[in-house]
2 protein chains.
Amino acid sequence: MNLATKIVETNIRCGECPIRHRAVCAYCEAPDLVKLDAIKSYRTYKAGETITWAGERNDMIGSVVSGVASLSRTLPDGRRQMVGLLLPSDFVGRPGRDNSPYDVVAAHEVVMCQFRKKEFENLVKSTPALEHRLLDMTLDELDSAREWMLLLGRKTAREKIASLLAIIARRNAVLERKDVVDGLQFAVPLTREAMADYLGLTIETVSRQISALKKEGIIDLIDSRHVRVPDFAILLDEAGDDSDGGMPY
Amino acid sequence: MNLATKIVETNIRCGECPIRHRAVCAYCEAPDLVKLDAIKSYRTYKAGETITWAGERNDMIGSVVSGVASLSRTLPDGRRQMVGLLLPSDFVGRPGRDNSPYDVVAAHEVVMCQFRKKEFENLVKSTPALEHRLLDMTLDELDSAREWMLLLGRKTAREKIASLLAIIARRNAVLERKDVVDGLQFAVPLTREAMADYLGLTIETVSRQISALKKEGIIDLIDSRHVRVPDFAILLDEAGDDSDGGMPY
DNA sequence: ACTGTTATTTGATCTCGATCAAGGCCAGAA
DNA sequence: TTCTGGCCTTGATCGAGATCAAATAACAGT
């Protein structure tokens with residue numbers, strides 16, 4: 001059984017959490033699940049609300065149930081770089097660390113399932129399988145971060161936009177249990193500013209490149225937040241690589 | 001006892017490995033160390049030699065004992081981005097994954113301490129503390145990758161160079177158990193090309209920015225691979241942030 | 001020392017994306 | 001409806017870094 005299968009199966013079994021709650025659900029099978037259930041709680045954050053400030057002590061750990069959040073770092077003079085995009089099923093938190101150097105901000109209304117870190121870590125101590133799962137998820141995140149380094153360091157603006165759209169399309173399809181088919185329409189749950197911060201560009205360049213892709217018929221813009229892709233192969237080609245592999249986001 | 005202390009202490013106790021052999025030495029204390037010792041082997045790679053090809057099946061796991069290696073990704077058209085710099089003590093490998101999407105190349109002659117992955121993973125299964133340690137190291141790598149995303153996405157060429165020099169200086173100092181003091185001289189174990197691949201620049205820009213820093217007296221160039229920094233505060237200022245925290249590389 | 005090779009520096013020019021600036025579009029409030 | 005403020009788009013211009021080109025330095029093998 002490969003990993004993807006495992007996630008889906010375990011998600012299906014997790015009755016209480018709405019959907020795709022990887023960090024937890026992957027261990028629905030674990031004997032200590034009952035304890036995990038006992039210490040979890042849900043919390044909703046409004047769009048734009050900061051979930052965690054960089055440097056601030058943070059004693060929650062959890063995962064995204066619905067909505068979109070971003071993880072970002074800021075230079076003293078205000079330049080910002082998003083370093084992670086948190087979509088439903090993504091784990092949030094740093095087991096074993098007291099604070100985070102990242103701002104976590106809700107890009108859309110976000111529902112998080114949270115645990116008090118202390119209790120979660122106690123549970124981890126007594127559940128080796130849970131730690132194994134955390135390691136596996138962290139390795140996925142590391143792969144994503146490195147894929148993103150390639151994008152930031154070496155791709156053109158056009159390729160960056162195409163890559164981002166491809167990633168969002170793929171993630172959306174997984175969440176809705178559809179295939180990524182030609183003609184699929186999906187929401188881009190980010191403002192132009194958030195896209196710029198993610199891609200290491202300015203909002204003007206983001207806007208111009210999206211316009212260009214539209215003019216060339218590579219994407220249809222339903223409105224500024226909804227895209228339809230007539231032919232995914234072409235979009236992937238514009239992304240500059242065949243990186244279908246390995247990316248959880 | 002904090003983590004840094006622990007690493008040093010355990011390194012000291014690890015008699016057989018030359019130095020700073022984190023992945024192993026952090027568990028010199030573990031009851032199964034004997035088994036770990038039994039399955040490890042050393043191997044030397046010449047400068048320029050490829051240790052692992054991207055995509056290739058790889059059944060070794062280990063850590064760098066001496067030398068420098070790089071982890072990089074390449075686009076189909078040849079554009080390359082380094083996504084990790086592996087210095088002595090760094091762990092190399094992807095527990096639980098069969099292949100790696102990265103090229104691992106020796107930048108200088110590298111000595112690696114290696115384990116057959118299968119045996120290593122069996123050991124991990126029976127040693128929860130080892131898995132805990134792996135998680136901790138992976139989280140460090142993730143922080144490094146994200147720090148690097150900020151550099152790639154938002155820093156100027158000059159800031160990138162200054163950041164890289166600061167990172168190398170800091171790592172060098174740690175390895176030699178010195179403080180990072182003004183006037184410290186150190187080797188830059190990378191060609192201009194490797195620096196360019198790491199920073200998302202061209203070799204010409206790297207060379208020009210280094211020349212500029214030299215002309216302005218921010219660094220002294222002993223030769224193209226050896227640098228002296230008269231005043232670290234100034235160099236760090238040029239790096240654009242006060243990121244002394246959190247970066248293992 | 002000589003020779004061929006590769007790494008580095010420096011110069012000249014070009015280009016992509018940033019910056020500066022203006023205008024359009026849409027939702028919510030008065 | 002009109003006003004207002006937040007996004008988004010588009011245009012004009014600028015500049016940091018890429019690209020093209022050549023000279024110099026380091027270095028290994030003979």
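Each chain gets a letter, A, B and so on, in the order the sequences are listed, and its residues count up from 1. Bear in mind that the values here come from a model prediction, so they are computed numbers and not experimental data.
Look at B:R73 and B:D197 and you find no salt bridge, because none of the NZ, NE, NH1 or NH2 atoms lies under 4.0 Å from a carboxylate O. A salt bridge is defined here as a Lys NZ or Arg NE, NH1 or NH2 lying under 4.0 Å from an Asp or Glu carboxylate O, and B:D98 with B:R57 meets this definition. Of the charged side-chain nitrogens involved, at least one lies within less than 4.0 Å of a carboxylate oxygen, so that B:E216 and B:R158 count as a salt-bridged pair. Salt-bridge annotation for B:E238 and B:K160: absent, with no side-chain N of the basic residue lying under 4.0 Å from a carboxylate O of the acidic one. The residues B:D103 and B:R80 are annotated as not salt-bridged, no charged nitrogen and carboxylate oxygen being separated by less than 4.0 angstrom. Between A:R146 and A:E141 there is no salt bridge, since no side-chain nitrogen of the basic residue lies less than 4.0 Å from a carboxylate oxygen of the acidic one. For the pair B:R79 and B:D77, the salt-bridge criterion is met [side-chain N within less than 4.0 Å of a carboxylate O].
The residue among A:T191 and A:R154 whose nearest nucleotide of DNA chain D is located toward the 5' end is A:T191.
Protein atom CG of A:L201 is 15 Å distant from nucleotide atom P of D:dC8, rounded to whole Å. Atom pair B:R225:CZ and D:dC27:C1' shows a separation of 12 Å (rounding to whole Å applied). Taking atom CE of residue A:M195 and atom C1' of nucleotide D:dC7, one finds them 14 Å apart after rounding to whole Å. Remark: P of D:dG6 and CD1 of A:I203 are 13 Å apart, rounded to the nearest angstrom. Here D:dA26 presents its P atom at 12 Å from CZ of B:R192, a figure rounded to the nearest Å.
For the segment residues 208-215 of chain B, residues with any heavy atom less than 4.0 angstrom from an atom of DNA chain C are, sorted by number, B:R208, B:S211. Contacts between residues 156-165 of chain A and DNA chain D, defined by a heavy-atom separation under 4.0 Å, are absent.
Donor-acceptor pairing under 3.5 Å is recorded for the side chains of A:Y102 and B:D143.
A donor-acceptor pair under 3.5 Å is formed between the side chain of B:T191 and the backbone N or O of B:A194. Remark: the backbone N or O of A:S224 is paired with a side-chain donor or acceptor of A:R192 at under 3.5 angstrom. Counting only distance, with no hydrogens or angles, the side chain of A:W148 and the backbone of A:Y198 share a donor-acceptor pair below 3.5 Å.
Taking the side chain of A:E204 as heavy atoms from C-beta on, and the options D:dG17, D:dT10, D:dT19, the nearest nucleotide is D:dT10. When each of D:dC8, D:dT9, D:dA18 is scored by its nearest atom to the side-chain atoms of B:T205, the top-ranked nucleotide is D:dA18.
Where DNA chain C meets chain B (any atom under 4.0 Å from a heavy atom), the bounding nucleotides read 5' to 3' are C:dT8 to C:dA12.
Across all strands, B:G48 comes closer than 4.0 Å to no nucleic acid atom at all (heavy-atom distances).
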